[in-house]
Protein chains: 2
Amino acid sequence: MGKNTAPRSPRRTDSLSRELIIRSATELLDSGGESALTLRALTVRLSTGYGAIYHHVADKGDLLAAAADDVITRVLAGAALDDDPRETLRRLAVGLFDAVDAHPWVGAELSRQPWRPALLDFYESIARLLNALDVPERARFDAAGTLTNYVLGVAVQNAANARYLADTETDRASFLDNAAAQWAQVDPARYPFVHASVTQLREHDDREQFLAGLDIFLAGIATLT
Amino acid sequence: MGKNTAPRSPRRTDSLSRELIIRSATELLDSGGESALTLRALTVRLSTGYGAIYHHVADKGDLLAAAADDVITRVLAGAALDDDPRETLRRLAVGLFDAVDAHPWVGAELSRQPWRPALLDFYESIARLLNALDVPERARFDAAGTLTNYVLGVAVQNAANARYLADTETDRASFLDNAAAQWAQVDPARYPFVHASVTQLREHDDREQFLAGLDIFLAGIATLT
DNA sequence: ACCTGAACACCGTTCAAGT
DNA sequence: ACCTGAACACCGTTCAAGT
């Protein structure tokens, strides 16, 4: 009964919980991508059995969704505010973009289930900022929906690129060189515009193009008054 | 040696080919969704062995990509033209949207590999139409990229919804009712805009909102001149 | 060259049995 | 109530062997 008579084993002594499982899953996903999250790997990491995990979590889909919710909630809670609603909106959008870029598996999960409760805050913020930008009420639903769709859609696609790059272990520069080389090879007579875009393709920055697109949408929304 | 002495067996007599395999895969995907495409199911349908398939196709990813390319190529080839570039652009965009809606697995594949050669024609058309709309050359790359991202992004997300609805066997109406009920339950003080959007959420049409977003984008583009 | 299909190395999930 | 881990029903992929 005396405390510390035996040396503490390095093994985790606190009991299993849903939170702990989700945190471990997130760590596996962040370090090794989607394929790193297997139930087997989880049991090893948590030194437990399959049933213990299934006791706290419905199935693998539940686990992935909960992990993605966590990431999204965290990034939205930390989004910086600004006096200028336009600037706040840009920061919010780029915050989500960066988070999905840093955790590409979140992008895959978002494309599996585009509407998660964690995104309610995002939609609410967008709508509020559009209101501050004097978007008339009649147009707000479509404008907020479109903006949300744009941000999520591009973030998800960008994450797909990030996953692809991580999988093939090629860096972004050579990937773009490769793509540009392919674009350069197409028939200039049939694809004049593709051909003309080769240089920009090689030099462009996805994040900046994302922001450029956001500005186009905001300019379009400004005409809705 | 006489012809037709024995009755033709119902079994396929022509030899296996990559095209035939891809066509069969597409049929499996269209009728049963992504989970219906297994190598096992393919061998049964083609009454052949695993090795025969792997002789014509690198792996399952290759197969999925080729099947998706086929669908995209087909829809782009059949896209209707119009004298008005704005109208042509809308038809092109909605054509891709509808195709991905009809074949949701194409959406999943697009979100796995956002840039496929089959989309070169799409990008080229977009860029040409933006040129016809007097978008200055300097802005064209970002504008065409953003538009492509928007169309693909929303189509992919919409396909995710379609897959979700198909999986859970709930219809769209009750799905939206359910979502609207959830939105209605959120704290109106904390989420005033979400709360105010409940009715529109229940009544909105994804395809029309997609087009509304497209028009917002086009209005934004017009300010770039 | 093209095909066969048993075998392999994985998955996610279940469940009788333990504490 | 919570956990264990062998067992099950699947996957995609390989490969020695056939024609």
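Computed from a predicted model, the values in this text were never measured in an experiment. Here is the naming used below: chain letters follow the sequence lines, and residue numbers restart at 1 for every chain.
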J.: Using whole Å, report how far CD1 of A:I53 lies from P of D:dC2.
T.: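 Checked: the CD1 to P distance equals 15 Å.
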J.: Let me know the distance between CG of A:D59 and C1' of C:dT13, rounded to the nearest Å.
T.: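 These atoms are roughly 9 Å apart.
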J.: Please state whether the phosphate of D:dC3, meaning OP1 or OP2, lies under 4.0 angstrom from any side-chain nitrogen or oxygen of A:H56.
T.: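 Yes, A:H56 has a side-chain N/O under 4.0 Å of OP1/OP2 on D:dC3.
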J.: Is there a side-chain polar atom (N or O) of B:H55 under 4.0 Å from OP1 or OP2 of C:dT4?
T.: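 For C:dT4, OP1/OP2 do not have a side-chain N/O of B:H55 under 4.0 Å.
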J.: Got a salt bridge between B:R190 and A:D121, using NZ or NE/NH1/NH2 to carboxylate O under 4.0 Å?
T.: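 Judged by the 4.0 Å cut-off on N to carboxylate O distance, B:R190 and A:D121 do form a salt bridge.
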J.: What is the distance from CG of B:L42 to P of D:dT13, rounded to the nearest Å?
T.: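 Rounded to whole Å, this separation is 12 Å.
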J.: Take atom CG of B:L28 and atom P of D:dG12, then tell me their distance rounded to the nearest Å.
T.: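 Distance check: B:L28 CG to D:dG12 P gives 11 Å.
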J.: Rounded to the Å, how far apart are B:L20 CG and C:dC3 P?
T.: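 To the nearest whole Å, that distance equals 10 Å.
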J.: Nearest-nucleotide wise, let me know which of A:T38 and B:A52 is further upstream toward the 5' end of DNA chain C.
T.: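 Closest to the 5' end, via its nearest nucleotide, is B:A52.
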J.: Do the side chains of B:R23 and B:D70 get close enough for a salt bridge, i.e. N-O under 4.0 angstrom?
T.: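 Here B:R23 does not pair with B:D70 in a salt bridge, since their nearest N and O are not under 4.0 Å apart.
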J.: If you pin A:S17 and B:R40 to their nearest nucleotides in DNA chain D, which one's is more 5'?
T.: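 It is A:S17, whose closest nucleotide lies nearer the 5' terminus.
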J.: Kindly give the heavy-atom pair with the smallest separation between A:S174 and A:T170, and that separation in Å.
T.: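 Minimum heavy-atom contact is OG-CB, 4.1 Å.
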J.: Whole-Å distance between C:dT13 P and A:D62 CG?
T.: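 Going from CG in A:D62 over to P in C:dT13 covers 10 Å.
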J.: Does the structure show a Watson-Crick or G-U wobble partner for C:dG5, both distances under 3.5 Å? Name it, or say none.
T.: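 Base partner found: D:dC15.
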J.: Just checking B:L37: base, sugar-phosphate only, or nothing, at a heavy-atom cut-off of under 4.0 Å?
T.: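 The residue B:L37 makes sugar-phosphate contact but no base contact.
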J.: Between D:dT13, C:dG12, D:dC3, spot the one nearest the side chain of B:K60, thanks.
T.: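 Shortest atom-to-atom distance from the side chain points to D:dT13.
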J.: Provide, to the nearest angstrom, the distance between the CD atom belonging to B:E34 and the P atom belonging to D:dC10.
T.: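 These atoms are roughly 19 Å apart.
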J.: Should A:R112 and A:E34 count as an ion pair when the cut-off is N to O under 4.0 Å?
T.: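 Judged by the 4.0 Å cut-off on N to carboxylate O distance, A:R112 and A:E34 do form a salt bridge.
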J.: Would you indicate, yes or no, if D:dG5 has its OP1 or OP2 atom less than 4.0 angstrom from a side-chain nitrogen or oxygen of A:Y50?
T.: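 No, no such contact exists.
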J.: Can B:R18 and B:D62 be counted as an ion pair, charged N to O under 4.0 angstrom?
T.: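 Here B:R18 pairs with B:D62 in a salt bridge, since their nearest N and O are under 4.0 Å apart.
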